[in-house]
Structure formats: C-alpha cells, structure tokens
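Read through the structure below, which is laid out as structure tokens, and then see the notes.
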Amino acid sequence: MISAREALALLREGNRRFVADRERGARVGATRRNELTERQEPFAIVLGCSDSRVPAEIVFDQGLGDLFVIRVAGNIVAPSQIGSVEFAAEQFHTRLVVVLGHSGCGAILATIDQLKRPVEKQPRNLRAIVDRVRPSVEPLLATPLRDDHQALVSNAVRANVRASASNLRHGSDILEQLIERDDLLVVGAEYSLETGVVEFFEGLPAGQ
C-alpha cells in the first residue's frame, strides 16, 4: 500500500484533472471491474457529505477500487463512521483518511437555522445530525460572523471538517495507534461547488 503522502498527491492530481476537464484517468471499465472481484486495495479513505454534487470518485477522478468512501449528511462522525474508517485502515492498510466538506453544505445551513430560529418539532433523525454539527457552529454565533451569513457558513463548514477530523483522530483507540505506529494520516479538505477545486487545509504534514 502506498504512503499517505503519495495518496494525497494522487488525489490532488486527480482533482486537477477534474477541474481542468481533461481526459479522465479513472479506471471504470470491465477490465478493471474484473480485477476487483476477489480483492480491493483502496489508497485513500474519504469521509464525505451525502450531497449529490460531491461524489468523491468523480471530483478526485478515481476509478473502481481506488477509494473507500463513507458518505453521510454533514460529513459527521458517529460510531458507524468511525467503525467504517477503522475497518478500511486495518483491512486494506490504507494510510490516508480525508474528511471532505463542501461549500454551501445543507447540514451546516440546517444547523445555523436551528440555532437562530429553533424548531421544537424538528424530526428526530435530522436533529441527530444537527446535534453533531452544533458544537462546530454554536461558538461562531457568538462572534461578529453571526451578522455575515456567507462568512458564517464558510467558517462553519471548515470548523465542522476540523471537528470531524479530530473526532477520528481521538475517538478511536485503533486509529490513534495506527497514527502513532503506522503513519496513518487524517486530513481535512473542502470542495468548492463553484470551482470544483478541493482545498486540503487541515492536518497536513510539513511541506504539504
């Protein structure tokens, strides 16, 4: 399995191809499908949002078997997401985990709306998502950002990514050990709906 730094370079290059609308390098045909019937070796784990506009395989221009993708509204971290990351990191020896948020995230917007204008009868399952995003957003409402909606959303998206990355690093004994012993890397990134660019901004190694 390739190193986290090598995996990060592959994702960056794939995103550059996607943004430039160059010829795709992804392997998605029958030959690749047949190669994967007995095994898989994903080189990166991506915990991303369920938003239909942010499919990780496409925005990183990767093919079948390249990425182990976990998608949930708001790219939140709950036990099932932690367990999924643990599984891939241990089973496939994948050494890069990317928490991928995106601009204009609906889960962030729903949380801001709930905090500014509380709804008593919010659906229970939606509330479970909002409650996990809330700790990232609530402190921002005590700052001047409260009066600048666009800046508030932008900062909240990144705060939520940072929180999810931290929860992965420190919410699992297995992942903590892999980070300390086997160079597992957990980084945060944001996808721009407007430009298609993925910016890696959190948890990067020196020089990255």
Side-chain angles (χ1 to χ4, degrees), residues 15 45-60 67-89 97-176 179 186-204:
N15 182 241
I45 302 163
V46 180
L47 171 59
C49 184
S50 298
D51 193 296
S52 63
R53 299 165 293 179
V54 196
E57 292 90 346
I58 293 176
V59 304
F60 288 122
L67 303 180
F68 189 92
V69 180
I70 306 147
R71 298 183 69 179
V72 59
N75 43 272
I76 59 172
V77 172
S80 58
Q81 282 83 53
I82 294 175
S84 296
V85 173
E86 289 175 341
F87 172 78
V97 182
V98 179
V99 177
L100 181 63
H102 66 91
S103 61
C105 178
I108 298 294
L109 295 171
T111 302
I112 291 173
D113 285 346
Q114 176 65 14
L115 290 172
K116 285 187 170 184
R117 295 174 291 276
V119 176
E120 291 184 8
K121 295 184 178 181
Q122 189 178 45
R124 177 171 57 88
N125 293 314
L126 175 58
R127 188 172 66 249
I129 295 173
V130 168
D131 285 346
R132 290 191 180 275
V133 177
R134 180 191 301 265
S136 301
V137 176
E138 206 159 24
L140 299 176
L141 292 174
T143 74
L145 290 170
R146 179 183 179 90
D147 300 318
D148 185 338
H149 181 72
Q150 185 173 350
L152 175 61
V153 173
S154 179
N155 279 268
V157 165
R158 294 208 169 197
N160 186 53
V161 167
R162 290 188 182 97
S164 291
S166 179
N167 288 338
L168 288 177
R169 293 188 195 105
H170 305 295
S172 161
D173 291 339
I174 291 173
L175 297 180
E176 282 190 0
I179 289 168
V186 180
V187 302
E190 180 184 356
Y191 173 77
S192 169
L193 295 177
E194 295 76 20
T195 67
V197 172
V198 174
E199 181 182 352
F200 294 89
F201 66 89
E202 202 275 340
L204 298 170

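- In this structure, Thr111 OG1 and Leu140 CG are separated by 11.5 Å, a value rounded to the nearest 0.5 Å.
- With contacts defined as side-chain heavy-atom distances shorter than 4.5 Å, the pair Val72/Leu47 qualifies.
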Evaluate side chain to side chain contact (heavy atoms under 4.5 Å, CB included) for Cys49 paired with Val54, printing each intermediate quantity in order. CA-CA 7 Å; Cys49 184; Val54 196; 5.7 Å; no

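- The minimum heavy-atom distance between Ser136 and Ala159, with the atom names listed, is OG-O, 3.6 Å.
- With a 4.5 Å cut-off on side-chain heavy atoms, Ser84 and Ile70 count as touching.
- Across Asn75 and Gly48, no two heavy atoms sit closer than the pair CB-C, 3.8 Å.
- Here CZ of Arg53 is found 14.0 Å from CD1 of Ile58. Values are rounded to the nearest 0.5 Å.
- Considering only heavy atoms from C-beta on, Arg132 stays 4.5 Å or farther from Ser164 through its side chain.
- Between Ile174 and Val85 the shortest side-chain heavy-atom distance does not fall below 4.5 Å.
- Distance check: Gln81 CD to Ile76 CD1 gives 6.0 Å after rounding to the nearest 0.5 Å.
- Taken from CG in Asp131 to CG in Leu126, the straight-line distance is 9.5 Å, to the nearest 0.5 Å.
- Closest non-hydrogen pair, Ile108 versus Ala156, comes out as CG2-CB, 3.6 Å.
- Side-chain contact between Arg169 and Leu175 is absent, with no heavy atoms from C-beta onward closer than 4.5 Å.
- Gln114 and Val119 get closest at one heavy-atom pair: OE1-N, 3.1 Å.
- When every heavy atom of Pro55 is checked against every heavy atom of Arg71, the shortest pair comes out as CA-NH1, 3.8 Å.
- Rounding to the nearest 0.5 Å places CD of Glu190 at 11.0 Å from CG of Asn160.
- The main-chain N or O of Ser192 is never found under 3.5 Å from a side-chain atom of Ser103 such that the two would form a donor-acceptor pair.
- Atom CG of Asn15 is separated from atom CD of Glu199 by 11.0 Å, given to the nearest 0.5 angstrom.
- A heavy-atom distance below 4.5 Å is not found between the side chains of Tyr191 and Asp51.
- By the 4.5 Å heavy-atom criterion applied to side chains, Val153 and Leu109 are counted as neighbours.
- The shortest distance between side-chain heavy atoms of Lys116 and Leu141 falls below 4.5 Å.
- Nearest heavy-atom pair across Ala89 and Ile45 is N-CD1, 3.8 Å.
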